[in-house]
Amino acid sequence: MTTLFDPIQLGDIALANRIAMAPLTRNRAVEGNKPGPMTVEYYRQRATAGLIIAEASPISPTAQGYLDTPGIWNDEQVAAWQSVTQAVHAEGGKIVLQLWHVGRISHTSLLPDGEVPVSSTDQVANASTFTRDGFVPVSQPRALRDDEIPGLIEDYRRAARNAIAAGFDGVEIHAANTYLIEQFLRDSVNDRSGPYGGSIENRARLLLEVVQAVTGEIGAGRTGIRLSPMTTFTAPLDSNPQALYGYVVEQLAPFGLAYLHVIEGETGGTRTPDGKPFDYAALRRTFKGPWMVNNGYSRDLALQTVADGQADLVAFGRPFISNPDLVRRLRDGATLNELRADKLYGGGAEGYIDYPTLAA
Ligand code: PHB
């Protein structure tokens, strides 16, 4: 019987166990949108995860939507990330980077020359973001022109190349949580006509072009993807999530990706949104490759899910923030440290690199 603690091969990446650290925004980047020394220590402490999925990282200056997030668009950022990947590898861990474009979830004060955010639409989201002045409503976006899409795809390609240059074992394409790619996918947001709007095929086009570019650049065996079919967060659900994501996964299957990472239910919230069933198992049957699940997994549920073969691996978010040695604690059935929720976003070492291990 397979357990959570058994090794697994994800494409080209060999993991020591089936416990992943989910990507987590912590807003502690230093000047120049670079990970600093504290971030090196934070990931080093968590290197016993089978796989660390490093926090969502903007692929270009226009892709960012929150203060102090670490980017992957220039050489200085590549050099800074090298310190992170070396530290994780020195501990025997594996680490991929999540490639992020926020789309309309941004604010002019965060963008170069006060640019407006770009999206599939010019409709503003009912959401706020974190800026120098604290939480503020997001800015009115402008709809990308079709002739701007090739440049956007190139930004993803460069980010993937940079991630490998920075020593990452691969990348995870962020197609979840109602950011740019999902703003194109969903008919609740995408009001375009032309090749990127209208039918499911057209709304999925951007995602598939990104996957084509990234896998062409670094290989499918080093590329994973994250989806969140039932998350509302900053946008309503699609009118037919099962059909939309069914098509997406059917199109993804032939690429032979390293893994597919699905957030079940509402990100950070309920796993079973009221009266809104979704058949995740159907997606898995279509995908066939390594299947990673996430969202509010307890130890028991994670053990059961992998033992039953319902997923190949489980990603933990908040428990990994407060428990650097989460793998050991899960193995031993040890109690978990309490999360300090007021230290999640921004600030210093407190609530970041000072959570105790069992050994301490
Ligand atoms: C956030 O910063 O709140 C955030 C970032 C990335 C996500 C979800 C939430 O995928």
Side-chain angles (χ1 to χ4, degrees), residues 20-29 33 35 39 42-43 51-60 62-72 96-107 109-111 117 119 125-139 156 159 171-186 189 207 210 224-237 245 259-271 292-296 315-321 339-347 351-352:
M21 177 179 173
L24 296 154
T25 292
R26 305 302 309 275
N27 305 82
R28 280 161 169 94
N33 295 93
T39 299
Y42 167 72
Y43 286 116
L51 182 68
I52 293 173
I53 305 162
E55 65 211 79
S57 298
I59 58 166
S60 71
T62 4
Q64 60 185 317
Y66 300 86
L67 190 66
D68 298 336
T69 49
I72 189 67
V96 298
L97 185 65
Q98 199 192 39
L99 303 186
W100 197 21
H101 194 308
V102 297
R104 66 178 182 162
I105 307 305
S106 190
H107 189 265
S109 70
L110 295 165
L111 299 180
S119 181
N126 180 14
S128 52
T129 184
F130 191 67
T131 69
R132 285 268 167 244
D133 301 318
F135 279 98
V136 298
V138 296
S139 302
Y156 275 97
V171 303
E172 177 176 284
I173 296 169
H174 192 345
N177 294 341
T178 62
Y179 292 113
L180 180 70
I181 291 177
E182 222 170 34
Q183 292 159 27
F184 274 81
L185 285 176
R186 292 189 181 179
V189 183
L207 166 61
V210 168
I225 192 162
R226 196 178 203 209
L227 303 173
S228 58
M230 298 305 283
T231 286
T232 54
F233 198 23
T234 72
L237 297 179
Y245 292 89
Y259 66 89
L260 194 153
H261 181 182
V262 67
I263 300 166
E264 296 164 329
E266 181 73 43
T267 305
T270 176
R271 296 180 43 77
M292 186 189 305
V293 291
N294 170 244
N295 204 21
F316 292 86
R318 285 166 292 191
F320 248 120
I321 291 178
L339 180 75
R340 275 170 286 166
D342 59 326
K343 306 291 183 206
L344 286 177
Y345 303 111
Y352 192 45

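Just follow the structure's listing: the first ligand is 1, and inside any ligand the first atom is 1. Keep in mind the model is a prediction, meaning the values are calculated, not measured.
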Just checking, Arg26 and Tyr352: is the charged tip under 6.0 Å from the six-membered ring centre and within 45° of the axis?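 No, Arg26 does not sit over the ring of Tyr352.
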Provide the number and element of each atom of ligand 1 under 4.0 Å from a heavy atom of Trp100.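 Here the atoms of ligand 1 in question are 5 (C), 6 (C).
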Atoms in ligand 1 flagged as close to Phe233, the criterion being non-hydrogen separation under 4.0 Å: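 Near Phe233, meaning under 4.0 Å from one of its heavy atoms, ligand 1 has 8 (C), 9 (C).
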Which residue and non-hydrogen atom of the protein lie closest to [atom], and at what distance in Å?
atom: atom 8 (C) of ligand 1; result: Asn177 ND2, 3.5 Å
atom: atom 6 (C) of ligand 1; result: Tyr179 CE1, 3.5 Å
atom: atom 5 (C) of ligand 1; result: Thr25 OG1, 3.1 Å
atom: atom 3 (O) of ligand 1; result: Tyr345 OH, 3.9 Å

Starting from the C-alpha separation in whole Å, work towards a yes-or-no answer on side-chain contact (heavy atoms from CB on, under 4.5 Å) for Gln64 and Leu111. CA-CA 7 Å; Gln64 60 185 317; Leu111 299 180; 4.2 Å; yes
Do His174 and ligand 1 have an N or O pair less than 3.5 Å apart?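 So ligand 1 has an N or O lying under 3.5 Å from an N or O of His174.
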Close side-chain approach of Thr69 and Asn27, heavy atoms under 4.5 Å: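 They are in contact (side-chain heavy atoms under 4.5 Å apart), so the answer is yes.
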Do you know the tightest heavy-atom contact between Ile321 and Gly351?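 Of all heavy-atom pairs spanning Ile321 and Gly351, the closest is CG2-O, 4.2 Å.
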Using a distance-only test with no angle check, is there a side-chain donor-acceptor pair under 3.5 angstrom linking Thr234 and Tyr179?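 Per modelled atom types, Thr234 and Tyr179 side chains form no pair under 3.5 Å.
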In terms of relative ring orientation, are Phe316 and Phe320 parallel, tilted or perpendicular, with 30° and 60° separating the classes?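 It falls in the perpendicular class, over 60°.
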